[in-house]
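Fair warning: this is a prediction, and the values are worked out from it, not measured in the lab. If you read the sequence from its start, that first residue is 1, and numbering goes on from there.
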Amino acid sequence: MAEPTPPIFERTVPRVLMCAPTYFEVSYVINPWMTGHVHDTTSERSQRQWDALRETIARHADVVVQPPTEGLPDMTFAANAGLVFGNCFVPSRFRYAQRQGEEAHDKAFFVQHGFDIVELPEDVFFEGAGDALFDRGTGRRLWMGHGHRSDLAAAAELAKRLDIEVFPLKLADPRFYHLDTCFCPLADGYTLYFPAAFDAASLALIERHVPPGLRITVQEHDAVEFACNAVNLGRVVILNRASPGLRSRLEAAGFMLIEVALDEYMKSGGAAKCLTLRLDESASS
C-alpha cells in the first residue's frame, strides 16, 4: 500500500479546499433554490464565476483543488465534504441519495492527504461544514445547524469525538437549509447572521454567547443574496453581494468586503462559503 500523502501545505496562511465545477449543473431538486432551475446553468458561466472566486481567495489563502467526479454535480460545493479540525476529518453523511455518492470520493481524498478519519454513527445525518462552523473568537466552539439536513444527534457526537463545545442551532426556514446559508462566524468573535432563519431558542443561544457589539444581523434582502454565505479570511470577507448598509456595518467593524458574482451557484442553493472548505481549523483558528 502506498504511503499517504502528507497533510496539504504545512504553512501558516489559511488553507482552503475547492472542487472544480467541471460537472456542475442543477439536475435535481433537493432545496427550494433549485426549483425552476433544472438544466438552467451554463458550464462557461459556472466556470468563470468559480475561477473568479478561486483567484480572489488565492490572494489571501492557499487554495487546494480537489478533482471532481462525473455524475456528482454538487461535489463542487466543497463545504459539504465534511468537517476539518486539526488533522481530523469528519466525513459527511448526506440525507439525500443524490449526494451520497460524494462520500466515498471525499473520504478517499482526505485519507490520501494524511488526515485521520473520524466517523459519526451510520444512522446520523451530518452535512459537514455546511452545517458546522467554528467560532472565530474561540477555536473550540462549534456552531451546528440542524433541522433540514443534519441531525441534532450529530452535535453530541462531534462534541465527544473532537473534544469541543458544540452549540446546536435549529434552522426554521427551508430556504436556509444549511447553517452556512444564514450564519457566518467572523474574525475576533464577530458573527454575521439572519435572525429569521432560526427558531426562538436558537436565537437566544446566539444572543447568550455573542455579545451585542459583535452581532451583525442581516435583513432578508441581504440574506436571499447569500450575504451570510461568506468566506472569512482574517479581516477579508468574500461574498456574492452585500447591500450598501450591510457593507457599511462590516467595514465599520474593520472588515474589507470583496464581492464575487456567484448567481449560477445560487440556482443550486450555494455561494462563496458553500464552494469552500477550510483545511486549517484548529483550537487556535
Side-chain angles (χ1 to χ4, degrees), residues 8-9 11-18 53-64 78-79 83-86 128-145 162 164-167 169 178-195 197-198 205-218 222-223 225-260 262 271-285:
I8 306 168
F9 295 139
R11 295 181 62 182
T12 57
V13 298
R15 288 171 288 144
V16 175
L17 179 69
M18 299 181 70
L53 179 64
R54 180 194 59 189
E55 291 162 8
T56 301
I57 292 173
R59 294 198 289 270
H60 307 280
D62 281 325
V63 177
V64 180
L83 179 68
V84 172
F85 185 64
D131 267 335
L133 304 172
F134 283 100
D135 192 281
R136 297 287 169 215
T138 168
R140 299 199 78 87
R141 174 187 294 169
L142 182 73
W143 300 95
M144 202 209 87
L162 300 180
I164 56 175
E165 188 175 25
V166 180
F167 291 159
L169 301 173
H178 277 148
L179 183 63
D180 67 1
T181 64
C182 55
F183 185 94
C184 182
L186 300 174
D188 299 324
Y190 283 93
T191 303
L192 179 70
Y193 67 107
F194 177 46
F198 301 94
L205 187 63
I206 295 169
E207 292 168 1
R208 187 157 64 248
H209 291 283
V210 181
L214 298 181
R215 297 180 213 147
I216 303 175
T217 60
V218 309
D222 277 312
E225 293 289 348
F226 275 23
C228 295
N229 197 247
V231 176
N232 176 221
L233 301 167
R235 283 283 161 176
V236 174
V237 176
I238 303 165
L239 42 63
N240 172 65
R241 188 176 301 161
S243 67
L246 178 57
R247 173 179 288 274
S248 295
R249 292 164 63 208
L250 284 163
E251 288 176 346
F255 293 98
M256 179 180 76
L257 267 64
I258 303 175
E259 293 186 2
V260 179
L262 295 165
K273 170 60 177 61
C274 289
L275 290 163
T276 64
L277 175 64
R278 282 289 291 266
L279 294 172
D280 58 335
E281 302 284 14
S282 70
S284 58
S285 291

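- Residues satisfying the side-chain contact (heavy atoms from CB on, under 4.5 Å) test with A61, not counting sequence neighbours, are P14, V16, I57, L233.
- Atom-to-atom distance recorded for L142:CG and L83:CG is 6.0 Å, nearest 0.5 angstrom.
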**OP:** Take F85 and I164, measure what side-chain contact (heavy atoms from CB on, under 4.5 Å) needs, and give me the verdict at the end.
**Re:** CA-CA 10 Å; F85 185 64; I164 56 175; 3.7 Å; yes
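- Proximity of D135 to W143: side-chain heavy atoms (C-beta onward) are separated by under 4.5 Å at one or more points.
- Side chain of K273 to main chain of A129: a donor-acceptor pair is present (N/O by atom type, distance under 3.5 Å, no hydrogens or angles).
- Smallest separation of non-hydrogen atoms from L162 and R140: O-NH2, 3.4 Å.
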**OP:** Please step through side-chain contact (heavy atoms from CB on, under 4.5 Å) for the pair V236 and R59, ending with a clear verdict.
**Re:** CA-CA 10 Å; V236 174; R59 294 198 289 270; over 6 Å; no
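- Looking at every heavy atom in both residues, N240 comes nearest to E225 through ND2-O, 3.1 Å.
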Original post:
Should L192 and L246 be marked as a side-chain contact (heavy atoms from CB on, under 4.5 Å) after you check the CA-CA gap, both sets of side-chain angles, and the distance that decides it?
Top reply: CA-CA 10 Å; L192 179 70; L246 178 57; 3.9 Å; yes
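- With contacts defined as side-chain heavy-atom distances shorter than 4.5 Å, the pair T217/F194 does not qualify.
- The shortest non-hydrogen separation linking L257 to A242 is CD2-CB, 3.8 Å.
- Between G234 and F255, the shortest heavy-atom distance links the atoms O-CE2, 3.9 Å.
- A side-chain contact (heavy atoms from CB on, under 4.5 Å) with L133 is found for one member of T191, N232, L179, L169 and no other, namely L179.
- Listed by chain and residue number, nothing satisfies the salt bridge (Lys or Arg N to Asp or Glu O under 4.0 Å) test with D131 (two or more places apart in sequence, or in another chain).
- Ion pairing between a basic and an acidic side chain is recognised when a charged N comes within 4.0 Å of a carboxylate O; E281 and R15 show no such pairing.
- With sequence neighbours excluded, the residues forming a side chain to side chain donor-acceptor pair (under 3.5 Å) with E259 are R247, listed by chain and number.
- Residues satisfying the side chain to side chain donor-acceptor pair (under 3.5 Å) test with S243, not counting sequence neighbours, are D222.
- Taking CE from M144 and CZ from F134, the interatomic distance works out to 12.5 Å, rounded to the nearest 0.5 Å.
- The backbone N or O of A271 lies less than 3.5 Å from a partner atom in the side chain of N229, making a donor-acceptor pair.
- Side chain of D180 to backbone of C184: no donor-acceptor contact under 3.5 angstrom is found.
- With sequence neighbours left out, the salt bridge (Lys or Arg N to Asp or Glu O under 4.0 Å) criterion links R235 to D188.
- Looking at every heavy atom in both residues, F183 comes nearest to C228 through N-CB, 3.6 Å.
- Note: L239 CG to L262 CG = 9.0 Å, rounded to the nearest 0.5 Å.
- By the 4.5 Å heavy-atom criterion applied to side chains, H60 and I258 are counted as neighbours.
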Pair up each side-chain donor or acceptor in residues 205-214 with any protein partner under 3.5 Å, not counting sequence neighbours, and list the distances.
none

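- Nearest heavy-atom pair across R136 and L186 is CB-O, 2.8 Å.
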